[in-house]
Amino acid sequence: MKVTLKLYAQLGKFLPAGTAANEAEVSVEPQTPLTVLLEHYHVPPEMCHLVLVNGVYVEPSARGTHMLEDGDHLAVWPPVAGG
């Protein structure tokens, strides 16, 4: 199945080679938890501050059990500091 993976800011370096902008369409097995997809692309869990699936926030405690579905859009932002 296909999922759109969007990684923002410095997380973009974890996207597959040749990816344009900040997103890639990737293939995953059915019933893949979102954490497994992120691990596959070596995205450090501590850098996954804001995680949305189809625009809906997924809490850290639910990320290991949230199963991705065909056509999902997974977007991840790192922690941001500012003043």
Side-chain angles (χ1 to χ4, degrees):
M1 62 182 206
K2 299 287 186 182
V3 171
T4 301
L5 176 60
K6 299 179 182 182
L7 299 177
Y8 293 93
Q10 69 265 33
L11 296 179
K13 67 184 176 187
F14 296 104
L15 286 167
T19 299
N22 67 320
E23 70 178 67
E25 185 174 83
V26 297
S27 295
V28 296
E29 294 295 320
Q31 296 301 305
T32 297
L34 72 87
T35 53
V36 171
L37 175 60
L38 295 173
E39 288 168 3
H40 178 77
Y41 289 100
H42 308 287
V43 181
E46 67 274 8
M47 294 299 293
C48 298
H49 179 68
L50 179 62
V51 176
L52 304 177
V53 174
N54 301 324
V56 178
Y57 177 67
V58 180
E59 294 188 30
S61 61
R63 294 175 187 169
T65 58
H66 186 99
M67 301 301 171
L68 295 168
E69 297 182 12
D70 190 40
D72 277 352
H73 287 81
L74 172 60
V76 183
W77 285 264
V80 178

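In the hydrophobic clustering of this structure, Tyr8 groups with Tyr57; members are Ile, Leu, Val, Met, Phe, Trp, Tyr whose side-chain heavy atoms approach within less than 4.5 Å, directly or through other members. Under the 4.5 Å side-chain contact rule for hydrophobic residues, Met47 and Val36 do not share a cluster.
Here Thr32 contributes atom OG1 and Leu37 contributes atom CG; the two are 7.5 Å apart, rounded to the nearest 0.5 Å. Annotation: the span from Thr35 atom OG1 to Glu39 atom CD amounts to 5.0 Å, rounded to 0.5 Å.
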Anything under 3.5 Å between a donor and an acceptor, one on a side chain of residues 65-77, the other on a protein residue two or more places apart or in another chain? List them.
| residue | atom | partner | partner atom | Å |
| --- | --- | --- | --- | --- |
| Thr65 | OG1 | Ala62 | O | 3.2 |
| Asp70 | OD1 | Lys2 | N | 2.9 |
| Asp72 | OD1 | Asn54 | ND2 | 2.8 |
| Asp72 | OD2 | Glu69 | N | 2.7 |
| His73 | ND1 | Gly71 | O | 3.4 |

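Summarising the local packing, CD of Glu59 is surrounded by 12 or fewer heavy atoms from other residues, nucleotides or ligands at distances under 6.0 Å. Summarising the local packing, CD of Glu46 is surrounded by more than 12 heavy atoms from other residues, nucleotides or ligands at distances under 6.0 Å.
Considering only heavy atoms from C-beta on, Val43 comes within 4.5 Å of Cys48 through its side chain.
Summarising the geometry of Met1 relative to Pro30, their closest heavy-atom pair is SD-CA, 3.8 Å, with the distance given to 0.1 Å. Contact detail for Pro33 and Gly64: the closest heavy-atom pair is CB-O, 3.3 Å.
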Requested in this report: Please lay out, stage by stage, how Val26 and Tyr41 fare under the test side-chain contact (heavy atoms from CB on, under 4.5 Å).
Outcome: CA-CA 10 Å; Val26 297; Tyr41 289 100; 3.2 Å; yes
Requested in this report: Please step through side-chain contact (heavy atoms from CB on, under 4.5 Å) for the pair Asn22 and Leu11, ending with a clear verdict.
Outcome: CA-CA 9 Å; Asn22 67 320; Leu11 296 179; over 6 Å; no
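In this structure, the side chain of Arg63 does not engage the main chain of Leu34 through any donor-acceptor pair within 3.5 Å.
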